[in-house]
Number of protein chains: 2
Amino acid sequence: MALMARKQGSHSDITGPKVREAALRLIARHGYAAVSMRQLAAEVGVQAGALYNYTPDKQTLLYDLMRDHLVDVIENFDKADPRSDAQSRLRAFVSFHIRYHLPRADAVFVAYMELRNLEPENFAAIEKLRRAYEDRLEAILRQGEAEGAFAMKDARITTRAIIGMLTGFFTWYRQEGRLPLEEVEAIYWDLVGKAVAR
Amino acid sequence: MALMARKQGSHSDITGPKVREAALRLIARHGYAAVSMRQLAAEVGVQAGALYNYTPDKQTLLYDLMRDHLVDVIENFDKADPRSDAQSRLRAFVSFHIRYHLPRADAVFVAYMELRNLEPENFAAIEKLRRAYEDRLEAILRQGEAEGAFAMKDARITTRAIIGMLTGFFTWYRQEGRLPLEEVEAIYWDLVGKAVAR
DNA sequence: TTTTCAAATGAACAGATGTTCAGTTAGATG
DNA sequence: CATCTAACTGAACATCTGTTCATTTGAAAA
């Protein structure tokens, strides 16, 4: 039959993304266990059965959302990383983290809050990705120590403290429009920079 | 009938606390929506109907757990607060936060992760308590600015950053026995102290 | 126009959900 | 001892759950 263009009228190109978007929105708002497949289907504008054209089951849908998000985060951080001196890299990390996560607040929230609802092997895979992102920050902190630019008592705990600090940001920023993004970024850079300074 | 001592054999003095403990443990582990009243009853060693001697409904049980926890946190912080110079008070805050929350990891987790599952008026009440605790930290930071001991770009955001940093701690410490509590406390104090230093 | 088939429907399934309540139990009280 | 009652049981309720699948739809392909 040779090469054939994808059907133009195919709904799956539209419905598929709609399912993922609606799932992120509903799960972020109500939690995985509290969102039923029928609620999700209604949000998409479809019957529950149709969702199973896009995911084998509810658990896999959650896992795919979390994995896709974390893979994107890591991939895009690696692009943004200047790979120069530790000070510049740390600054880039803080800036990237805030700017990249802000327009993806639902995905951040889900990837952070729904770990409990993953089956063991899915949990292990997601933890591995989360750890891979944390390891990138830890490497920057250790480089800074080696360069004599940073000083801290424990690079691993400092890594988690910084991530906790930056991530907590997304649990409240949406309500609070008080400050422009640039300002928030400057405030966080001030805190992080001073915390690890020599 | 005059004054009468409480029945000695009364089970409600035993079952009541058991219900709250089991609820905290199960909800922390699996999430509010994922825990059924029958699971909770089984954990307590009772039939589902008996739970309704201890709570009018599932939602109120969640709300009571969160409220009791936050009220205790605030009450005990106020006792621990030295009310002296900002530097001492901040140090006491960090120390209190870590030491008080550590043996109450389940309650911390529930009070932090289950906000989404509160009905609007319960949510408002819990948010008020959370805010009251944050305000105590913010007051310390502003006192430090006034004394010339601290310098920061924005006291409100710094408050949330510090709380986020300290709270993130409880999402991973249970697994990681690598360092003794005193050491973790010292590491956090180092980070917080430097971050707000002049 | 007829054929084709991806996409969606809608009913059905076995079981779980929060909550209520008449009835049972067991231990303290008088 | 008999009485009382707080605590609990166990069945029932209406409704919701994730998932399956035979059937229908509608638009692109031939």
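Below, chain A is the first sequence line, B the second, and so on; all start at residue 1.
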Angle, rounded to 10°, between the helical axes spanning five pairs at each terminus of the helix from dT1(C)-dA30(D) to dG30(C)-dC1(D)? 10°
Applied to residues 19-45 of chain B, the ring-ring contact (aromatic ring centres under 6.0 Å, His included) test, sequence neighbours excluded, yields none
Going by the salt bridge (Lys or Arg N to Asp or Glu O under 4.0 Å) test, which pairs reach into residues 60-71 of chain A, not counting sequence neighbours? Asp64(A)-Arg67(A)
Measure [atom1]/[X] against [atom2]/[N] and give the value in whole Å, please.
X         : N       : atom1 : atom2 : result
Ile14(A)  : dA6(C)  : CD1   : P     : 17 Å
Gln47(A)  : dA12(C) : CD    : P     : 14 Å
Asp13(A)  : dA8(C)  : CG    : P     : 10 Å
Asn117(B) : dT17(C) : CG    : C1'   : 15 Å

With side-chain hydrogen bond (donor to acceptor under 3.5 Å, both in side chains) as the rule and sequence neighbours excluded, what pairs involving residues 33-54 of chain A come up? Arg25(A)-Glu43(A)
Can you run down the side-chain hydrogen bond (donor to acceptor under 3.5 Å, both in side chains) pairs that involve residues 184-197 of chain B, sequence neighbours left out, and say none if there aren't any? Ser95(B)-Glu185(B), Arg99(B)-Glu185(B)
Please list, pair by pair, any protein nitrogen or oxygen found under 3.5 Å from a nitrogen or oxygen in nucleotides 21-23 of chain D.
none

Do any side-chain atoms of residues 145-153 of chain B form donor-acceptor pairs under 3.5 angstrom with protein atoms, and if so which ones, sequence neighbours left out?
from      : atom 1 : to        : atom 2 : distance (Å)
Glu147(B) : OE1    : Ala86(B)  : N      : 3.2
Glu147(B) : OE2    : Gln143(B) : NE2    : 2.7

Pro120(A): what forms a side-chain contact (heavy atoms from CB on, under 4.5 Å) with it, not counting sequence neighbours? none
Sequence neighbours excluded, the answer for side-chain contact (heavy atoms from CB on, under 4.5 Å) partners of Ala197(A) is none
Check [Y] with [X], please: is the shortest side-chain N to carboxylate O separation under 4.0 Å?
X         : Y         : result
Arg89(B)  : Asp85(B)  : no
Glu127(A) : Arg131(A) : no
Glu75(B)  : Arg136(B) : no

Could you go step by step and tell me if His69(A) and Phe109(A) meet the ring-ring contact (aromatic ring centres under 6.0 Å, His included) rule? CA-CA 11 Å; His69(A) 169 69; Phe109(A) 214 67; over 10 Å; no
Does the side chain of Tyr112(A) reach to within under 4.5 Å of the side chain of Arg130(A), using non-hydrogen atoms? yes
Quick one, which residues of residues 51-66 of chain B touch DNA chain D with a heavy atom under 4.0 Å? Asn53(B), Tyr54(B)
Counterpart residues, ring-ring contact (aromatic ring centres under 6.0 Å, His included), relative to Phe77(A) (two or more places apart): Phe93(A), Phe96(A)
Looking at Thr15(A), I'd like to know whether one of its side-chain N or O atoms comes within less than 4.0 Å of OP1 or OP2 on dA7(C). no
Using a cut-off of strictly less than 4.0 Å between a heavy atom of the residue and any atom of DNA chain C, enumerate the qualifying residues of residues 30-46 of chain A by number. Arg38(A), Val46(A)
